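Structure record follows, encoded as structure tokens.
Remember, predicted model here, so these are calculated numbers, not experimental data.
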Amino acid sequence: MNGNFIITGAAMGFGKEFSRRVLATGGKVVLADKNVEKGKETCKEFQEEFGTLSCLFQEIDVTKKEDWETLWTISEEFLQNQIDVLVNNAGVSPLIGFDLCMKINLEGVLHGCNIFEEKLGLHNGGPGGLVVNTASMAGILYGMDRKSLAYQISKHGVVAATRSFGSEKVLRKTGIKHMALCPWFAETAILDGFNKEIIQKKLPWDFLSVERVGEAFQQTVTDQRSGSLMVVMPKAPLMYFPDVSLTVGTVVFLLSKLAQLSGAKTVYPNMLGLMLCIFVALVFYFFHLILSFCGL
């Protein structure tokens, strides 16, 4: 990870851990955050540890395109026109309000993806590069309560953006790989305002450590599997979550066609289950006939 990185939400939490790992392996980082006090404090800490030219702090509101343009200009100057990786890590709690949560967690990521493509995409004469988005297990699963819906919806959007921007067809044109981290609950500022003890009691697993998510980040940057989602769970190996959308869609379509043969005009999930059982039974019966015919 000895390239040049722009990392948003770098003042604290995951972003700070990601930045530390990049700097520890010889990379350079532009630390971007809206929290100026914490951002400058983190930057000073890193400069004392890794050298004054290792990193730079820049304030940003990720919801504002003009802030992204300013960040890009300053980053090009600091990194000598060599930007390799963008980490869209800035995120907030749903307690901040539905609209603002959506703007920061999703719109901010999309602004980052778009400016990276505009500046570095192969189709625009650039060299390509790498974008890592911080999503969440909330972007894969459903079922959060009403006050957390903005967070869940925004993270589903980040997952969709990662799969879409990182698809093979898009990658061939842009040369930009996109990946996302999908960690379980971790004790970061995102949980501020919530009763962490109550949340912990309700969860089937412990909170993740920031360091464990940092390990996942480092593995993701090393692997560079475009369109992939790295799932981080407590007491489990790091895992890439498979994209089964096309497979599931095809199976559902075929089972629906089978249900249509029985006269169904609307197919419900329980009917799909029945069709699947019938299909499996027919397959076993077919193989039984073949084996019987062969005398086995």
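A salt bridge links K119 to E69: one of the charged nitrogens lies within less than 4.0 Å of a carboxylate oxygen. Between K173 and E168 no salt bridge is recorded (no basic side-chain N to carboxylate O distance below 4.0 Å). Look at E41 and K44 and you find no salt bridge, because none of the NZ, NE, NH1 or NH2 atoms lies under 4.0 Å from a carboxylate O.
Q47 places a side-chain N or O within donor-acceptor distance of the main-chain N or O of C55, the cut-off being under 3.5 Å. Although no hydrogens or angles enter the test, the distance criterion places no donor-acceptor pair under 3.5 Å between the side chain of N133 and the main chain of A135. When atom types are taken as modelled, the side chain of D84 and the backbone of G3 share no donor-acceptor pair closer than 3.5 angstrom. Remark: the backbone N or O of Y151 is not paired with any side-chain donor or acceptor of S148 at under 3.5 angstrom. Checked by atom type and distance alone, the side chain of N124 pairs as donor or acceptor with a backbone atom of E118 at under 3.5 Å. For the pair D67 (side chain) and V62 (backbone), a donor-acceptor distance under 3.5 Å is absent. For the pair S226 (side chain) and K177 (backbone), a donor-acceptor distance under 3.5 Å is absent.
Counting heavy-atom neighbours within 6.0 Å of E77 CD, excluding the residue itself, gives a total of 12 or less. Within 6.0 Å of CZ on F253 lie no more than 12 heavy atoms contributed by other residues, nucleotides or ligands. Within 6.0 Å of the CD atom in Q80, the count of heavy atoms belonging to other residues, nucleotides or ligands does not exceed 12.
Taking the six-membered ring for Trp and thresholds of 30 and 60 degrees, F165 and H178 have nearly parallel ring planes, at less than 30 degrees apart.
Shown are N88, N89, T8; of these, the side chain to side chain donor-acceptor pair (under 3.5 Å) with T134 is made only by N89. Just one residue in the list I104, V92, L106, V109 forms a side-chain contact (heavy atoms from CB on, under 4.5 Å) with S154, and that residue is L106.
By the 6.0 Å and 45° rule, R225 stacks over the aromatic ring of Y240.
In this structure, F78 and N4 have side chains that are not in contact, with every pair of non-hydrogen atoms separated by 4.5 Å or more.
In the model, N35 has no side-chain atom that pairs as donor or acceptor with a side-chain atom of E37 under 3.5 Å.
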key: Residues F217, V87; criterion side chain to side chain contact (heavy atoms under 4.5 Å, CB included); working and verdict   = CA-CA 10 Å; F217 168 73; V87 183; 3.7 Å; yes

message = As a quick check of understanding, evaluate side chain to side chain contact (heavy atoms under 4.5 Å, CB included) for Q224 and M179, giving each step before the final call.
response = CA-CA 7 Å; Q224 297 199 16; M179 289 164 286; 4.2 Å; yes

